[in-house]
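Notes follow once the structure below has been shown.
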Amino acid sequence: MSSKYDVLVIGGGNAALCAAISARRGGASVLVLEGAPKFYRGGNTRHTRNMRCAHDEATEILTGPYTEEEFWEDLLRVTGGQTDEVLARHMIRESKDILNWIVEQGVRWQPSLGGTLGLGRTNSFFLGGGRAMLNALYLTAEKLGVEIEYDAEVIDLMIEDGMFLAAHLRRPIKGDTEIRATSLVAAAGGFEANIEWLKQYWGEAADNFLIRGTRYNRGSILKMLLAKGVQEVGDPTQCHAVAIDARAPKFDGGIITRHDSVVFGIVVNKHAQRFYDEGEDIWPKRYAIWGRLVAAQPEQIAYIIFDSTVVTSFMPTLFPPIAGQTVAELAGKLELDPAALEKTITEFNAAVQPGTFDHTILDDCRTEGITPPKTHWARRIETPPYLAYPVRPGITFTYLGTRVTREARMLMADGKPSANMFAAGEIMAGNVLGKGYAAGMGMTIGSVFGRIAGREAARHAKN
């Protein structure tokens, strides 16, 4: 391993690999530092399965067009307007080319999926999932001559007046070393696996959070950059957080612990009380609010309650539902007050209005006279066995990050662009995602800004 490169990429997931490949294709010598062991390489990319990109017409893998304007409207809706419009529109525009560019890097798509996901028109699915996509990018990077170092923990960054000079690297076997580079791309993810950092904003509640992805995303690179004068962006309490099975492991549970069943039933807290509209919007646009909603409930626990008529309506997860022949029996197994749960379900059933159920659209099955309402897909829960999933907040990635320009160049605290530092992926996602989430958007941010960051880092280095 050399001690001087044109481009140093810190991180090992989708954004990092897109940056490394882009920089190498731009003629730069590139070193990728992945803090995890090789088996766990790739950060959250290992657990992904699709990407949301704009496109003008149906393709072999997508069932119809998804225009730039529709993508923008979806982003605006889920973020409540908390997004940098210039950067967001730039990302959406660039995403149209990513569909083909990513294939040129060896990634393969599969035909669109149907069912309850509702993503066949908007999102492209990786053949073999996120790990297959990741392996393809690594293979391409290696063939191009990108050097990759695993178990490579960066413990310090030398930055002077907005210019990166070197990284101090700790390696368990080879020993510490210093790496110099003409340009830096930071693509090391968020701080979701750093429970102590989360507790600074969430308090003791963070102890009950489950981390959907890698335990290696501790935010050390982000913390160094902010401490050395890079301008921050985003609310530290905002994150991509979904409701996942409370029986999932603390780290790395992945997508098989996520529940897609909320819209088919009701969600109650430990007091057996509903606390939010389960039918607010179609699942791909609203599923990522439920982690934060559950985080705000007592002891950060909730229960998705439904009956036997809907068990084949959604994708099953790793853990089976908890069942009871009566509501009271189910309540006992969940350690809920049986009378309280029976009252909640009885009031909900009485409020359900006649309608025509259709989970693919905002249908007319709703409630009247209860708070919170269920505005769509409301059906009575009355056919035993009664079923439930216990859920906790599953944190995917955090939104506090580094502010960047359209060229993915970091901005310093004084508002000036960095001389040679770029960022891509979750470490800068807060520029686009002020809050909320829509399925596949994290991979879009990573691929688009990874490609841009690598290209611009190489351009700076070669000039």
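Numbering of residues begins at 1 and proceeds along the displayed sequence. The analysis underlying the following values was restricted to heavy atoms, covering all of them including side chains, and did not include hydrogens, waters or symmetry mates.
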Residue pair L400, W197: steps toward the side chain to side chain contact (heavy atoms under 4.5 Å, CB included) verdict: CA-CA 11 Å; L400 178 69; W197 196 352; 4.0 Å; yes

Audit row: L387, I305, side chain to side chain contact (heavy atoms under 4.5 Å, CB included) steps and yes/no: CA-CA 6 Å; L387 305 161; I305 310 288; over 6 Å; no

Worked verdict on S124 versus N50 for side chain to side chain donor-acceptor pair (under 3.5 Å): CA-CA 5 Å; S124 303; N50 64 82; over 6 Å; no

From CA spacing to verdict: side chain to side chain contact (heavy atoms under 4.5 Å, CB included), V146, V32: CA-CA 7 Å; V146 172; V32 172; 3.7 Å; yes

R286 and E280: CA distance, side-chain angles, deciding distance, salt bridge (charged side-chain N to carboxylate O under 4.0 Å, His left out) verdict: CA-CA 7 Å; R286 301 308 299 178; E280 186 176 42; 2.7 Å; yes

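Formation of a donor-acceptor pair under 3.5 Å by the E278 side chain with backbone atoms of V267 is found in this model. Distance alone, capped at 3.5 Å, places no donor-acceptor pair between the R108 side chain and the V103 backbone. In this structure, the side chain of T257 engages the main chain of G254 through a donor-acceptor pair within 3.5 Å. Under the 3.5 Å distance criterion, the side-chain polar atoms of T367 are matched with a main-chain donor or acceptor of K374. At least one donor-acceptor pair closer than 3.5 Å links the side chain of T59 to the backbone N or O of I61. Put simply, the side chain of T67 gets close to the backbone of E70: a donor and an acceptor are under 3.5 Å apart. Although no hydrogens or angles enter the test, the distance criterion places a donor-acceptor pair under 3.5 Å between the side chain of T83 and the main chain of V432. When atom types are taken as modelled, the side chain of Y437 and the backbone of V242 share no donor-acceptor pair closer than 3.5 angstrom. In terms of modelled atom types and a separation under 3.5 Å, the side chain of T48 and the main chain of T45 share a donor-acceptor contact. Judged purely by atom type and a 3.5 angstrom limit, R292 uses its side chain to pair as donor or acceptor with the backbone of T237.
Here the CG-CG distance, from L99 to L62, works out to 6.5 Å after rounding to the nearest 0.5 Å. Residue Q238 holds its CD atom at 6.5 Å from CD of Q82, rounded to the nearest 0.5 Å. For the atom pair R25 CZ and T140 OG1, the distance stands at 7.0 Å (nearest 0.5 Å). Rounded to the nearest 0.5 Å, atoms CG (L433) and SG (C239) are 11.0 Å apart.
Counting only N and O atoms by type, the side chains of R212 and T396 include a donor and acceptor under 3.5 Å apart. At a cut-off of 3.5 Å, with distance as the only test, a side-chain donor of H47 or D252 sits close to an acceptor on the other residue. A side-chain N or O of E426 and one of N44 form a donor-acceptor pair less than 3.5 Å apart. The closest side-chain donor-acceptor pair between T356 and D363, if any, does not fall under 3.5 angstrom. For the residue pair R41/Y150, the side-chain donor-acceptor check at 3.5 Å is satisfied. A donor and an acceptor atom, one from each side chain of D337 and H271, are nowhere located under 3.5 Å apart.
The distance between the ring centers of F209 and W202 falls below 6.0 angstrom. For F126 and W109, the gap between ring centers is short of 6.0 Å.
At a threshold of 4.5 Å between non-hydrogen side-chain atoms, the residues R403 and N431 count as touching. Counting only heavy atoms from C-beta outward, the side chains of W377 and L362 approach each other to under 4.5 Å. The shortest side-chain heavy-atom distance between P372 and F275 does not fall under the 4.5 Å cut-off. In this structure, the side chains of V233 and L411 stay at 4.5 Å or more apart for every pair of heavy atoms. Counting heavy atoms from C-beta outward, P390 and R247 have side chains that approach closer than 4.5 Å. Side-chain contact check for T398 versus L198: some heavy-atom pair is nearer than 4.5 Å. Here the side chains of I301 and V294 are not in contact, with every heavy-atom distance at 4.5 Å or above. The side-chain heavy atoms of T309 and I381, taken from C-beta on, include no pair separated by under 4.5 Å.
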Side-chain donor-acceptor pairs of residues 215-225 under 3.5 Å, sequence neighbours excluded:
| from | atom 1 | to | atom 2 | distance (Å) |
| --- | --- | --- | --- | --- |
| N217 | ND2 | E192 | OE2 | 2.9 |
| R218 | NH1 | A193 | O | 3.3 |

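Classification of K38 and E34 as a salt-bridged pair fails, no side-chain N sitting under 4.0 Å from a carboxylate O. A salt bridge links R366 with E368; the closest basic N to acidic carboxylate O contact falls under 4.0 Å. Under a 4.0 Å N-O distance rule, the pair E69/R89 qualifies as a salt bridge. Between R77 and E73 there is no salt bridge, since no side-chain N of the basic residue sits under 4.0 Å from a carboxylate O of the acidic one. Salt bridge status for K435 with D235: absent, with no side-chain N to carboxylate O gap under 4.0 Å. Salt-bridge check for R258 with D260: passed, with a basic side-chain N closer than 4.0 Å to an acidic carboxylate O. For E299 and K270, the salt-bridge test passes: some basic side-chain N is under 4.0 Å from an acidic carboxylate O. Residues D307 and R380 are not paired through a salt bridge, judged by the lack of any N-O separation under 4.0 Å between the basic side chain and the carboxylate. Taking the charged nitrogens against the carboxylate oxygens, E456 and R409 have no contact shorter than 4.0 Å, which rules out a salt bridge. Salt bridge status for D245 with R392: absent, with no side-chain N to carboxylate O gap under 4.0 Å. Using a 4.0 Å cut-off between charged side-chain N and carboxylate O, K96 and E68 make a salt bridge.
Using the six-membered ring where Trp is involved, Y66 and H55 have ring planes that are tilted, between 30° and 60° apart. Ring planes of F397 and H240: perpendicular class, angle over 60° (limits at 30 and 60°).
Of the options M443, M91, M51, a side chain to side chain contact (heavy atoms under 4.5 Å, CB included) to I98 is made by M51 and by none of the others. The residue from F348, F314, Y386 that alone fulfils the ring-ring contact (aromatic ring centres under 6.0 Å, His included) condition with F306 is F314.
The local environment of CD in E335 is sparse, with at most 12 non-hydrogen atoms from other residues, nucleotides or ligands closer than 6.0 Å. Within a 6.0 Å radius of NZ in K343, other residues, nucleotides and ligands contribute 12 heavy atoms or fewer.
Taking each heavy atom of L334 and Y303 in turn, the nearest pair found is O-OH, 3.6 Å.
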